[in-house]
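Here the structure is laid out as structure tokens; the discussion comes afterwards.
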Amino acid sequence: MALFHKVLRGTYILRKCSKPTSALHPLLGIRFADYSSSLQKPVASPGKASSQRKTEGGLQGHHQKEAALDITCPEEKPDVSFDKAIRDEAMDHFRRLKDEIVNHWKGPEGRPLQEALLEQAKVVWQFRGKEDLDKWRVTSDKTIGGRSEVFLKMGKNNQSALLYGTLSSEAPQDGESARSGYCAMISRIPRGAFERKLSYDWSQFNTLYLRVRGDGRPWMVNIKEDTDFLQRTNQMYSYFMFTRGGPYWQEVKIPFSKFFFSNRGRIRDVQHELLLDKISSIGFTLADKVDGPFFLEIDFIGVFTDPAHTEEFAYENSPELNPRLFK
Amino acid sequence: MNPLAQPIIYTTMITGTLITTLSSHWFLAWVGLEMNMLAFIPILMKKTNPRSTEAAIKYFLMQSTASMVLMMAIISNNLLSGCWTTTSYINQPPSLMMMTALAMKLGMAPFHFWVPEVTQGTPLTSGLLLLTWQKLAPISIMYQIHPSINIHILLTLSTLSTAMGSWGGLNQTQLRKILGYSSITHMGWMMMTLVYNPMTTIFYLTIYIILTTTMFLTLNLSSSTTTLMLSRTWNKSTHLAPLMAPILMSLGGLPPLTGFLPKWIIIQELTMNNSFLIPSIMTIMTLLNLYFYMRLIYTTSLTLFPTSNNTKMTWQLENTKPMPLIPPLIITSTLLLPISPLLLTFH
């Protein structure tokens, strides 16, 4: 992976000391340690050097033009070492493994059991810095050729996250897509040592709590369970979140019993409750077929136990649609 | 489940186990294992949710892989010795393959990762059958091949199972996973004396089935699947809350309860065979098991955990769930130690 990253850096056309885009990080899956190439600067011939000096003088006050591939920025000399990158990555993973083993000894999620059992509310995601944004990824129908755009940045005073963009329901001209127009923000799956998938255990809570400020658009909250099978990655549990718009913050409480089951975007006839012991990710989707700009500001996302809510599951299965369930 | 299909499925499951335990031909024993596995799949999928389906698929994949390895071992043994009978001596390579296959079926370390996942994904009654009935057929085969088993590998698997089962169950809050890890630990103890005295293994298995059945039925009665739900048992079934303590202590092997008896026999058997280090390691590892059982006892029986439900008088309402055999099972799982000389005559 480090070698692949090194090759990518070497093939940049615009050399403005830029780092590889963060869009690649989800694809490649692991963070890269900064490293610099051990390439030497090419030695210019005397004739070329004098002409270079003349052109350099003429370029004073102008911005740096496109540089050749193999010339590094004079301001920054990155320190590259392939061995160091591999070593740092391995040390990071072993450190995380050690933390996991120590936390396993202490109790669930590294806290004593009594503390975990007596907890009645928990903030799972909050947005107070750029590192909190790294736990999320945004996607839109641009991946299938659509024209929607979505961005995520920190809000004012670094107290919230702002999800904004433009929704466009214009279908891509690929001959097979008839509908389009969605934007989504999905949390990354928590990873342990050596990139093992982890999951959240919310079994002692019964309600999702969100503090958001929207623009009046209806959003869909999607929760995915942790699974080892590829066929289940399209299964999710969803519910609606209607934003009010306006300057005031909105506190949305959605009991987990209200989430309905869907597979590949279609609500299934056989419904069952969301099991909370292995939650993988949560996401917010906008697909209300209204073209135009949108925004959603999120302060935090948490879970809590509502003692007044005793419902286990809000939906029933129909004996007409699924007679085998009632035999 | 369809009431017409249910007796067929259960009958097939029981028949498969009986075929395996009573047959002396390797092929028939393998057929019994397959019948048992295939009949058990719909039992795991009693509830129609994706988690149960995932658990059933994981169970099927593990068991069918183990069956493939077992068939490979049977055929290899036939090639080397020309025998199809289970009572004849088995050469070392097929014996090793058989032990691997049966360890996978039993959920012994290092093939134990499926046990907590499958137990967690299934209802409590299915989990009970998974951790009790499904052990009978593989252990009966292990009993028959015990003279041919490599003792060093068996001791390694057993010690590893005890360690992994104890370590894995340490910070679990899901009760089915705790019982799954407990099963892994108990499998380690059971297999430890298989080569020295196989009857001890059968004796331990019997006591283990009684203890696990009692635990599962008690959890089913209070419909508890997490530690938090179990901690509110004092509010729902006040008589059941203090009874959990001796059941769990017996499962942890604490004297003077029934669960101590098989561990005592196994330690005695190992020390009689000049093995001191391994029973010491296993006893120390089992303390971890006892630690997380004691945590459950603390939250359930020894303290009145704060409850957030509105009615604190639910214990006054009649419990409509049937309580099959729970009182005699609780007595059996806690008070058998005084009659241990009688039990040991059978052993």
Side-chain angles (χ1 to χ4, degrees), chain A residues 100-114 116-121 201-206 224-237 261 263 268-278 304-310 312-313 317 322-327, chain B residues 1-6 45-58 61 113-114 116-118 120-121 166-178 223-232 288 291-292 294-296 298-300 303 305-312 314:
Chain A
E100 274 182 39
I101 292 170
V102 169
N103 289 342
H104 186 89
W105 181 257
K106 284 183 195 169
E109 296 167 8
R111 298 174 303 154
L113 182 69
Q114 264 68 41
L117 289 180
L118 290 170
E119 197 176 35
Q120 296 213 335
D201 183 0
W202 295 344
S203 50
Q204 58 194 76
F205 308 105
N206 64 2
K224 281 190 175 178
E225 282 184 8
D226 183 26
T227 178
D228 293 319
F229 296 140
L230 208 62
Q231 290 79 6
R232 284 197 63 200
T233 50
N234 297 316
Q235 294 174 356
M236 63 174 78
Y237 297 80
F261 174 70
N263 185 12
R268 295 294 158 171
D269 293 337
V270 179
Q271 288 292 324
H272 38 80
E273 57 180 339
L274 168 62
L275 296 173
L276 295 161
D277 58 329
K278 283 171 76 172
F304 78 104
T305 306
D306 182 359
H309 186 81
T310 53
E312 288 182 2
F313 190 49
N317 284 305
N322 298 290
R324 65 183 177 90
L325 295 179
F326 293 88
K327 281 184 182 170
Chain B
M1 203 186 285
N2 191 333
L4 290 176
Q6 207 164 1
M45 290 170 59
K46 250 191 216 174
K47 282 195 180 172
T48 53
N49 59 48
R51 183 70 65 78
S52 296
T53 314
E54 185 170 332
I57 292 172
K58 281 179 180 170
L61 289 172
F113 294 99
W114 63 272
E117 295 290 325
V118 174
Q120 174 64 19
S166 306
W167 178 256
L170 207 53
N171 71 350
Q172 296 293 337
T173 53
Q174 300 292 328
L175 294 174
R176 285 168 291 184
K177 272 192 174 173
I178 287 175
S223 305
S224 308
T225 51
T226 64
T227 310
L228 194 64
M229 291 164 80
L230 197 65
S231 68
R232 291 171 185 164
L288 291 177
Y291 173 65
F292 59 75
M294 287 305 297
R295 275 208 304 218
L296 289 179
Y298 178 79
T299 56
T300 311
T303 53
F305 234 69
T307 175
S308 59
N309 59 352
N310 297 325
T311 56
K312 294 206 183 275
T314 49

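Every chain is numbered from 1, with letters handed out A, B, ... down the list of sequences.
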Answer yes or no: is there a side-chain heavy-atom contact under 4.5 Å between [X] and [Y]?
X: B:Q174; Y: A:K278; result: no
X: B:T299; Y: A:Q114; result: yes
X: B:L170; Y: A:H104; result: yes
X: B:P50; Y: A:F261; result: yes

Discussion item. Any carboxylate oxygen within less than 4.0 angstrom of a Lys/Arg side-chain nitrogen, looking at B:K177 and A:D277?
Written reply: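 No, no charged N to carboxylate O under 4.0 Å.
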
Portion of [X] that has a non-hydrogen atom of chain B nearer than 4.5 angstrom:
X: A:L276; value: neither
X: A:Q235; value: side chain
X: A:Q231; value: neither
X: A:N317; value: neither

Interface moiety of [X] toward chain A, non-hydrogen atoms closer than 4.5 Å:
X: B:L288; value: side chain
X: B:S231; value: neither
X: B:K47; value: neither
X: B:Y298; value: side chain

Discussion item. Measuring from atom OG1 of B:T48 to atom CD of A:Q271, what distance do you get when rounded to the nearest 0.5 angstrom?
Written reply: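 Between B:T48 OG1 and A:Q271 CD, I get 10.5 Å after rounding to 0.5 Å.
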
Worksheet item: What distance do A:F205 atom CZ and B:L228 atom CG have between them, rounded to the nearest 0.5 Å?
Response: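 Between A:F205 CZ and B:L228 CG, I get 9.5 Å after rounding to 0.5 Å.
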
Worksheet item: What pair of heavy atoms forms the shortest contact from A:G107 to B:N171, and how long is it?
Response: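 Reported closest heavy-atom pair: O-ND2, 3.0 Å.
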
Worksheet item: Do other residues, nucleotides or ligands put more than 12 heavy atoms under 6.0 Å from A:F229 CZ?
Response: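 For A:F229, atom CZ is crowded (more than 12 foreign heavy atoms under 6.0 Å).
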
Worksheet item: Hey, is the main chain of A:D228 close enough, under 3.5 Å, to the side chain of B:E54 for a donor-acceptor pair?
Response: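 Yes; judged by distance alone, with no hydrogens or angles, the pair exists.
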
Item to complete: Under 4.5 Å, counting heavy-atom pairs only, tell me which of B:T226, B:I57, B:T53 racks up the most with chain A.
Response: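 Going by pairs under 4.5 Å, I would pick B:I57.
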
